[in-house]
Amino acid sequence: MSTSATTATGEAASRKPGPVKVTVYHNDDAGFRPYEDGHVLTAVTSHWLDTPDRDPAAVGDWVFHVFNADLDLLETQRQNPGGETAFLAACVYRLLRHRSVSVGDVIAVETESQTHWLACDPFGWRPIAAPAPTNRSGQPLSAAGVYDHIATQRPTSKAATAARPRDEQEDPRVDAERTRHMYTVTAQIAVDAEADLADPFARFAVFRALADKLTAAPIELDTPFGAATARIVLVTAVA
């Protein structure tokens with residue numbers, strides 16, 4: 001064998017596989033039940049993972065752990081191999097106010113050669129056929145998506161309101177909006193259960209039972225400034 005052939009063979013043998021890309025899709029139809037063909041999916045985040053494990057199910061286990069585990073726990077593991085990537089991915093995910101990855105959600109795991117689709121089931125990940133493009137929407141993690149999110153979090157100052165055109169300030173539709181305000185209420189709910197809540201699947205079962213208790217029925221409020229009616233229009237929860 002020639003020297004050049006030996007060198008080429010050695011380079012091929014030592015070449016590292018490229019990173020794995022995983023895209024997370026929330027299921028808009030499942031209601032925390034197993035995925036079925038035809039369900040509508042929304043891409044919410046994506047990450048490139050520099051991992052030697054090319055098993056799609058192992059990547060799914062990473063997704064479920066990172067996007068369900070407490071940030072306090074992930075922070076203690078930052079010094080471990082892959083720990084910093086997991087912690088930062090989880091931080092971004094929560095800052096964007098995404099809910100936990102749950103049963104019915106779907107991931108796409110892309111390697112150099114192919115894309116594997118898997119659905120989150122009550123006990124692991126199930127390979128599925130690629131969902132139809134017409135049933136997929138949303139964008140993976142991008143700079144534009146982060147900028148859009150930041151823009152929606154900026155409060156409108158009184159000075160900015162005063163600077164609006166006079167005809168807009170006197171528009172009755174604008175005046176009507178002064179009687180409505182969207183509040184963001186963050187609450188921590190402590191749950192005591194018979195199950196071992198260190199198990200993520202047991203924790204999810206309790207989380208789902210808790211979420212089922214939330215109701216869209218109006219909440220009547222009595223204040224010193226008059227009566228008010230509140231409605232739950234969006235629930236973002238992290239188990």
Please tell me whether F64 and V44 are part of a single hydrophobic cluster in this structure, the criterion being side-chain heavy atoms less than 4.5 Å apart.
yes

Output for pair (D37 CG, N135 CG), nearest 0.5 Å, gives 7.5 Å

Looking at every non-hydrogen atom in both residues, tell me the closest pair between P140 and S46 and how far apart they are.
CB-OG, 3.0 Å

Check the hydrophobic clustering (I, L, V, M, F, W, Y; side-chain heavy atoms under 4.5 Å; chains of links allowed) and say if V66 and W125 are grouped together.
yes

Rounded to the nearest 0.5 Å, what's the gap from NE2 on H26 to CZ on R99? Could you check?
4.5 Å

OG/S137 to OH/Y25 distance, rounded to the nearest 0.5 angstrom?
9.0 Å

Any E110 side-chain heavy atom under 4.5 Å of T23 side chain
yes

Tell me whether E112 at atom CD has more than 12 heavy atoms from other residues, nucleotides or ligands lying less than 6.0 Å away.
yes

Using only atom types and a distance under 3.5 Å, with no angle test, would you say the side chain of H149 pairs donor to acceptor with the backbone of R97?
no

Is V20 reachable from I107 through a run of I, L, V, M, F, W or Y residues, each pair having side-chain heavy atoms under 4.5 Å apart?
yes

Using a 4.5 Å cut-off on heavy atoms from C-beta on, say whether the side chain of L74 contacts that of H65.
yes

With heavy-atom distances below 4.5 Å as the criterion, would you say the side chains of V146 and L141 are in contact?
yes

Between side-chain atoms of residues 113-121 and protein atoms elsewhere (two or more places apart, or another chain), which donor-acceptor pairs fall under 3.5 Å?
| unit_1 | atom_1 | unit_2 | atom_2 | d |
| --- | --- | --- | --- | --- |
| D121 | OD1 | R126 | NE | 3.4 |
| D121 | OD1 | R126 | NH2 | 3.3 |
| D121 | OD2 | R126 | NE | 2.8 |

Do V59 and H47 come close enough that some side-chain heavy atom pair is under 4.5 Å?
no

Do V92 and L71 share a hydrophobic cluster (ILVMFWY, side-chain heavy atoms under 4.5 Å, transitive)?
no

Check whether any side-chain heavy atom of H39 sits under 4.5 Å from a side-chain heavy atom of P131, and report yes or no.
no

Restricting to pairs with a member in residues 138-152, which pass salt bridge (charged side-chain N to carboxylate O under 4.0 Å, His left out), not counting sequence neighbours?
none

Any side-chain to backbone donor/acceptor pair from N27 onto L41? Under 3.5 Å, distance only.
no

Nearest 0.5 Å please: distance from the CZ atom of R203 over to the CG atom of L197.
7.5 Å

Would a 4.5 Å heavy-atom cut-off, applied to side chains only, mark V22 and L49 as touching?
yes

Which heavy-atom pair separates T42 from G138 by the least distance, and what is that distance?
CG2-CA, 4.0 Å

Treating N68 as the side-chain partner and S100 as the backbone partner, does any N or O pair qualify as donor plus acceptor under 3.5 Å?
no

Say whether V24 and W62 are linked into one hydrophobic cluster, either directly or through other cluster members, by side-chain heavy-atom distances under 4.5 angstrom.
yes

Considering only residues two or more places apart or on different chains, which pairs with a residue in residues 74-90 satisfy side-chain hydrogen bond (donor to acceptor under 3.5 Å, both in side chains)?
R78-E84

To the nearest 0.5 Å, what is the distance between OG1 on T152 and OH on Y147?
14.5 Å

Side-chain heavy-atom pair V101, Y93 within 4.5 angstrom cut-off
yes

Counting only N and O atoms by type, is there a donor-acceptor contact under 3.5 Å from the side chain of D70 to the main-chain atoms of D72?
no

